[in-house]
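Remarks on the structure that follows.
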Number of protein chains: 2
Amino acid sequence: MSANSSPLSRKEREKEQHRKDIMDAAMRLFAEQGFHAVSMQEIAAEAEFATGTLYKFFPGKRELFRAIMLDVIADITSELRPVWDSAEDPLEIIFKFLHARRTAFRKRYEYIRLYNMVGNGFGSSGDEIVDGLIAERRQEVEKNLKKQFTRGVEQGLFKPVNVDVLARLFEDFCQTIIRSEASRGEFDDETVSSIKDLFLNGILA
Amino acid sequence: MSANSSPLSRKEREKEQHRKDIMDAAMRLFAEQGFHAVSMQEIAAEAEFATGTLYKFFPGKRELFRAIMLDVIADITSELRPVWDSAEDPLEIIFKFLHARRTAFRKRYEYIRLYNMVGNGFGSSGDEIVDGLIAERRQEVEKNLKKQFTRGVEQGLFKPVNVDVLARLFEDFCQTIIRSEASRGEFDDETVSSIKDLFLNGILA
DNA sequence: CTAAATAATGAATCAATATTCATAGAGTGA
DNA sequence: TCACTCTATGAATATTGATTCATTATTTAG
């Protein structure tokens, strides 16, 4: 009984924790081995629960996976959002965005495989809800990028290139960088600077 | 009996064809739905053979998948190789490479998902042989890129940036473009020019 | 035309694993 | 302590789908 709504009882908090434990364990395994390679029994073992218990929390494997994905997406999104009104200079915002994105993912390299897996439709889950959410989030990002690029062009800071192309390219570029860092090691600061410089001034001497 | 070695008998040619038919059908399905979502029975149906027949050609599903991947990799690689000594100017070679790569993939959009899937370790197959081959191919590409960038820098054509970084970045850049085109539609010529210009001269006005 | 060889068939088998459910335990209030 | 509720258990079941193989069809050789 106890509280009416917000302050959860100990029992409720415990249950919540169990739910999280299961999700954490599952995520570790999914991220490492992919959706299909992991069995519910393995997840149960990793989470130190019995198989059946998982079904007390999630209707099935697919839903468990989805819940994890939604969490990851929400986390990353909320971490990225403040960037957009963090500064005046469009260029600074764009770089901040790239930086924030790299940081967000670095904290969660294990997530990346999952995220990329689903985000590119290579999903082992084939889940439209997750795909839809990711698409949505991506649109939001691109909207913001476009805004900044537009401002930059208007201010005469950037070349008058097609802003849609720019936004699309930059979004994909960020993805590629992160993917690259995830699979082949992170760029050091110096390298990052020269990448930025290339982006600003191009490759020609 | 008939021929001794190279000129295959009709029967042999037919068998070869059947093998190809199976691989084609399987590829269509794999590319569309991923490794796990496709069953051998589906592949058989799509190829208009009985389930058992597939096993006359391939020891199992995994091997069938691998055979397809090896084909794709071999095709693309051989298409790309001639580029490297097609011109003098490093810049021209690099752009030719990007162009060839786009063309190679455009002919095979269905392959891309598969290729990317495996190449990034997100593989649904977890097949080390395929992963190994792709890594190898990627190394070859990077070796060649590095060579061209080195020449460019030596000639004073490019900025004196770390060549390793440059090569990796350009490789990633190509990937970005192709991935983007594959998932969101091809760039028109004008757009491609402005992308090239960005690469050469940067974004700043 | 007949026998032998080759190729194809697809229903039956088998293994893996997602899911269920009858049972056991732990906490709570009287 | 007893009855009741909530939670966890894990062996048993059900499903899915890869693989097998005895059988049938087709081709080739004599």
Side-chain angles (χ1 to χ4, degrees), chain A residues 1-3 8-30 32-69 123-127, chain B residues 1-4 7-30 32-69 123-127:
Chain A
M1 331 299 79
S2 72
L8 288 77
S9 67
R10 181 174 60 74
K11 221 175 194 175
E12 286 169 319
R13 269 177 287 128
E14 251 174 18
K15 205 170 173 192
E16 201 45 43
Q17 187 54 50
H18 289 178
R19 187 187 159 87
K20 282 204 186 104
D21 290 343
I22 292 172
M23 285 172 69
D24 281 352
M27 187 168 67
R28 276 196 298 281
L29 296 177
F30 281 145
E32 227 165 71
Q33 318 181 33
F35 182 77
H36 290 285
V38 177
S39 72
M40 288 301 264
Q41 359 270 329
E42 282 178 275
I43 296 173
E46 173 86 12
E48 297 177 89
F49 282 105
T51 322
T53 308
L54 306 198
Y55 289 85
K56 292 286 193 288
F57 291 91
F58 305 93
K61 192 182 180 187
R62 176 174 291 277
E63 287 80 6
L64 169 55
F65 182 78
R66 176 192 306 170
I68 295 172
M69 287 310 306
S124 327
S125 78
D127 187 313
Chain B
M1 325 302 76
S2 70
N4 359 33
L8 287 77
S9 68
R10 181 174 60 74
K11 216 176 196 172
E12 286 168 318
R13 269 177 288 130
E14 251 175 16
K15 206 169 175 194
E16 200 46 42
Q17 187 55 51
H18 288 178
R19 187 188 160 86
K20 282 203 186 103
D21 290 344
I22 292 172
M23 285 172 69
D24 281 353
M27 186 167 68
R28 276 196 299 280
L29 296 177
F30 281 145
E32 230 164 71
Q33 319 182 34
F35 182 76
H36 290 287
V38 177
S39 72
M40 289 300 265
Q41 0 270 331
E42 283 178 273
I43 296 172
E46 173 87 11
E48 296 176 271
F49 283 104
T51 320
T53 308
L54 307 197
Y55 289 84
K56 292 286 194 288
F57 290 90
F58 305 93
K61 192 184 178 184
R62 177 174 291 277
E63 287 80 5
L64 168 57
F65 183 77
R66 176 191 308 170
I68 294 172
M69 287 309 306
S124 328
S125 78
D127 188 313

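The structure presented is a predicted model; accordingly, all values stated were derived computationally and were not measured. Numbered from 1 within each chain, the chains take letters A, B, ... in sequence-line order.
Regarding F57(B), its CZ atom lies at a distance of 8 Å from the C1' atom of dA7(C), rounded to whole Å. dA7(C) atom C1' lies 10 Å from atom CZ of F49(B), rounded to whole Å. At whole-Å resolution of the value, CG in L54(A) and P in dT17(C) are 15 Å apart. Whole-Å rounding puts the F58(A) CZ to dT20(C) P distance at 15 Å. E12(A) places its CD atom 17 Å from the P atom of dG27(C), with the value rounded to the nearest Å. Going from atom CG of L29(A) over to atom P of dT17(C) covers 13 Å, rounded to whole Å. Across the protein-nucleic acid pair, L64(A) atom CG and dA18(C) atom C1' stand 12 Å apart, rounded to whole Å. As a whole-Å value, the separation of E42(A) CD from dT17(C) P is 8 Å.
Stacking of K61(B) on the aromatic ring of F35(B) is recorded, both the 6.0 Å distance cut-off and the 45° axial limit being met.
By the ring-ring contact (aromatic ring centres under 6.0 Å, His included) test, F58(B) is found to be paired with no residue, residues two or more places apart in sequence or in another chain being considered.
Distances shown here put every side-chain N or O of R19(A) at or beyond 4.0 Å from the OP1 or OP2 atom of dT7(D).
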If a protein heavy atom is under 4.0 Å from the base, mark B; if only from the sugar-phosphate, S; if neither, -; do that for nucleotides 14-20 of chain D going 5' to 3'. ---SBBB
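Using a 4.0 Å heavy-atom cutoff across all strands shown, K56(A) reaches at least one base atom of the nucleic acid.
The side-chain hydrogen bond (donor to acceptor under 3.5 Å, both in side chains) analysis of residues 15-25 of chain B, with sequence neighbours excluded, yields the pairs Q17(B)-D21(B).
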Side chains of residues 40-49 of chain B: which donor-acceptor pairs under 3.5 Å do they make with residues two or more places apart or in other chains?
residue : atom : partner : partner atom : Å
E42(B)  : OE1  : S39(B)  : N            : 3.0
E42(B)  : OE1  : S39(B)  : OG           : 3.4
E46(B)  : OE2  : R28(B)  : NE           : 2.8
E46(B)  : OE2  : R28(B)  : NH2          : 3.0

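Residue F65(A) holds its CZ atom at 11.5 Å from CE of M23(A), rounded to the nearest 0.5 Å. Between atom CD of residue E63(A) and atom CZ of residue F57(A) there is a gap of 15.5 Å, rounded to the nearest 0.5 Å.
Between its two ends, the helix from dC1(C)-dG30(D) to dA30(C)-dT1(D) turns its axis by 10°, counting five pairs per end and rounding to 10 degrees.
In this structure a side-chain-to-backbone donor-acceptor pair under 3.5 Å is missing from E32(B) to L29(B).
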